[in-house]
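A quick write-up on the structure given underneath.
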Amino acid sequence: MRILYVVAEAAPFAKVGGLADVAYGLPRALRALGHDVRVILPRYRAIDGSAYGLRPLRPPFPVPVGLTGEARMVEAEISEATGVPTYFIWDEHYFGRDEVYGYPDDPQRFVFFCRAVLAFIHHFDERPDVLHGNDWHTGFLFLWLATAGRRDRFYRPIATVFTIHNMAYQGITGDALLAFGGIHEHVGRLEVEPPGHVNWLARGIAHADAVNTVSPRYAQEILTPEFGFGLEPLLQRRADRLFGILNGLDPEAWDPRSDPALAARFDAGTLERRAENKRAAQQAFGLPLREEIPLLAFVGRLIEQKGADLLLETADALFAREVQVAVLGTGMPEYEAAFAEWPSRFPGQAGVQLAFDENLARLLYGGADVFLMPSKFEPCGLGQMIAMRYGALPLVHAVGGLADTVRDVTQEDGTGFVFTPFAGEAFLATLDRALALYRNPAAWRAVQRRAMAQDFSWAASARAYEDLYRRAIAWHNP
Ligand code: GLC
């Protein structure tokens with residue numbers, strides 16, 4: 001199949017969150033299955049063209065904007081650095097900026113990107129069998145293909161798949177952007193859209209041939225008001241087209257046997273070598289070098305989704321235990337300020353680095369004893385999978401991808417610690433279970449080995465996507 005994977009960020013070119021890792025791993029795995037996959041994203045200014053061998057595709061091509069048929073000339077570039085042909089759309093006004101997201105005109109920027117993708121495939125004759133868009137940034141594609149595109153012989157055959165990586169970000173904007181995108185006809189409001197507004201996440205859900213989220217559990221959860229962020233009525237209406245496919249993990253990019261960021265490399269047979277990484281991590285976080293004290297790590301964005309408030313609320317009780325905690329991440333200023341106080345409030349026990357630092361993250365995966373991921377909700381989550389592969393036992397809230405990837409040690413073949421409900425007491429009670437197991441080194445090692453043996457490679461996910469693409473094609477051409 002010819003698949004065009006449309007996304008706002010993709011590793012290694014532009015990375016804000018887990019979406020970028022998926023946009024790297026999945027296309028490669030699909031190519032390994034023999035499909036002709038290409039990726040397309042905006043060329044942000046921060047992308048270093050020479051590092052990835054970006055070459056311009058000439059000549060620049062016109063992208064129609066507005067209803068009058070006026071056009072902006074846009075450049076396209078290509079890189080083969082990842083083994084998957086990756087196209088970039090360059091427009092100085094919309095993408096000549098330092099960050100990927102966070103601008104007041106983000107909805108317009110991504111509508112423009114989508115409009116450019118549609119013009120690109122026509123201009124360069126790159127029509128895919130399946131157009132696979134991700135998150136609200138690509139929602140316009142699905143509306144356009146379902147309206148204007150349906151009357152056009154070039155676009156009509158394209159089947160579509162929309163992947164939701166997070167219900168919390170929806171891209172709600174005024175409906176003037178419809179005209180900007182060149183949608184002439186009257187477009188009826190969706191039941192979940194406020195009058196005069198468009199919700200781009202909802203448009204992807206409403207118009208794609210098939211929709212999926214990044215874990216089976218999250219696909220169920222978002223049908224409920226607690227996790228649907230207001231879109232549950234629409235999701236329920238489309239439930240027969242809604243699937244859950246767990247993300248994979250790139251086994252080469254995350255391998256404790258060869259990771260150069262580790263102080264000591266190891267495998268399931270040399271777990272004692274993790275002690276060296278623990279020492280290096282303690283040093284890096286200004287913690288006393290004590291092997292016998294359990295080292296807990298939190299790596300991730302300091303936002304509500306990730307359970308930052310739960311950690312802050314339970315801090316006194318948490319540090320009343322004999323533990324060390326290392327926190328690595330950036331996020332909401334309020335949370336950053338609160339975590340920044342931890343080292344002075346809990347001296348010798350808390351180490352905090354308000355940074356996005358992949359090498360330090362790897363050291364924590366390879367040296368921490370327990371990996372904390374108390375997310376309030378988690379569509380899939382990558383940290384818990386990496387932690388298992390590196391022998392740091394995950395302690396997670398029983399939601400979404402966390403529930404789908406971590407089995408509590410009270411079950412047969414347990415790989416970590418799972419708590420519910422989302423409350424301080426449940427979190428602390430589960431932490432106490434972890435600390436009790438930690439005092440039994442043989443039992444702890446056995447769980448570590450089991451966690452490290454889990455197979456989260458992309459191959460199984462890629463086969464599930466292959467299946468989803470086939471269904472989308474069948475639904476598109478009944
Ligand atoms: C979003 C979700 C996360 C998921 C990632 C990739 O960042 O919050 O759970 O792992 O997308 O799908």
Side-chain angles (χ1 to χ4, degrees), residues 5-12 14-30 39 41 100-102 132-139 161-171 201 204-205 211-222 226-229 231 242-250 253-254 298-308 329-332 356 358 361 365 371-389 394 396-406 422 456-458 460-462 464-465 468:
Y5 192 84
V6 190
V7 70
E9 49 175 298
K15 172 164 166 160
V16 180
L19 174 59
D21 296 302
V22 176
Y24 171 80
L26 176 59
R28 280 164 59 95
L30 286 163
V39 175
L41 71 153
V100 172
Y101 318 111
H132 183 170
N134 294 273
D135 277 352
W136 73 264
H137 322 103
T138 63
V161 170
F162 180 61
T163 301
I164 304 166
H165 296 262
N166 199 325
M167 290 299 300
Y169 305 97
Q170 301 189 352
L201 187 73
I205 296 166
V211 180
N212 80 297
T213 67
V214 287
S215 69
R217 172 78 73 111
Y218 192 60
Q220 293 300 312
E221 289 170 342
I222 61 177
E226 193 186 348
F227 296 98
F229 282 86
L231 300 193
L242 177 63
F243 299 82
I245 303 176
L246 204 60
N247 287 336
L249 184 70
D250 185 336
W254 301 101
F298 175 94
V299 178
R301 284 170 291 156
L302 303 173
I303 57 174
E304 199 191 343
Q305 176 191 341
K306 300 291 176 181
T330 59
M332 285 199 355
F356 183 97
E358 189 164 305
Y365 288 122
F371 187 80
L372 301 174
M373 210 155 159
S375 306
K376 193 165 190 188
F377 66 95
E378 196 62 74
C380 179
L382 193 58
Q384 82 280 15
M385 292 195 261
I386 302 172
M388 282 186 265
R389 197 155 156 71
V396 304
H397 177 213
V399 280
L402 299 175
D404 283 339
T405 53
V406 181
F422 186 75
F456 296 118
S457 70
W458 269 108
S461 321
Y465 275 100
L468 190 62

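None of the values given here were measured: they were computed from a predicted structure. All residue numbers in this chain count up from 1 along the given sequence. Counting starts at 1 for both ligands and their atoms, following the listed order.
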Audit row: Thr213, Leu242, side-chain contact (heavy atoms from CB on, under 4.5 Å) steps and yes/no: CA-CA 8 Å; Thr213 67; Leu242 177 63; 4.3 Å; yes
Is there a side chain to side chain donor-acceptor pair (under 3.5 Å) between Asn134 and Tyr5? Walk through the geometry before answering. CA-CA 8 Å; Asn134 294 273; Tyr5 192 84; 3.2 Å; yes
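Against a heavy-atom cut-off of under 4.0 Å, Val214 is close to the following atoms of ligand 1: 12 (O). Within ligand 1, counting atoms from 1 as listed, the ones closer than 4.0 Å to a heavy atom of His165 are 1 (C), 2 (C), 6 (C), 8 (O), 11 (O), 12 (O). Each of the atoms 3 (C), 4 (C), 9 (O), 10 (O) of ligand 1 lies under 4.0 Å from some heavy atom of Gly381. Under a 4.0 Å criterion applied to the non-hydrogen atoms of Asn166, ligand 1 contributes the atoms 8 (O). Against a heavy-atom cut-off of under 4.0 Å, Gly18 is close to the following atoms of ligand 1: 6 (C). Within the listing of ligand 1, atoms 6 (C) sit less than 4.0 angstrom from a heavy atom of Leu19. Taking every heavy atom of Asn247 and a limit of under 4.0 angstrom, the matching atoms of ligand 1 come to 6 (C), 10 (O), 12 (O). Of all atoms in ligand 1, listed by their number and element, those nearer than 4.0 Å to a heavy atom of Gln305 are 8 (O).
Closest to atom 3 (C) of ligand 1, if we only count protein heavy atoms, is Glu378 OE2, 3.4 Å.
Put simply, the residue from Gln305, Glu226, Met167 that forms a side-chain contact (heavy atoms from CB on, under 4.5 Å) with Phe377 is Gln305. Of the options Lys306, Gln384, His397, a side chain to side chain donor-acceptor pair (under 3.5 Å) to Glu378 is made by Lys306 and by none of the others.
Heavy-atom distances between Gly401 and ligand 1 stay at or above 4.0 Å for every pair.
When non-hydrogen atoms are compared, ligand 1 lies under 4.0 Å from neither the backbone nor the side chain of Asp21. Contacts with ligand 1 closer than 4.0 Å are made by side-chain heavy atoms of Val22 only, the backbone lying farther away. Counting heavy atoms closer than 4.0 Å to ligand 1, residue Arg301 contributes side-chain atoms (C-beta onward) but none from N, CA, C or O.
Proximity of the aromatic rings of Phe227 and Tyr218 is defined here by a centroid distance below 6.0 angstrom, and this criterion is not met. Under the 6.0 Å cut-off for aromatic ring centres, His132 and Tyr465 qualify, their centroids lying closer than that.
Listed by chain and residue number, Arg362 satisfy the salt bridge (charged side-chain N to carboxylate O under 4.0 Å, His left out) test with Glu358 (two or more places apart in sequence, or in another chain).
Taking the six-membered ring for Trp and thresholds of 30 and 60 degrees, Tyr101 and His137 have nearly parallel ring planes, at less than 30 degrees apart.
The shortest N/O to N/O separation between Leu382 and ligand 1 does not fall below 3.5 Å.
Put simply, the side chain of Thr163 never gets that close to the backbone of Asn212: no donor and acceptor are under 3.5 Å apart.
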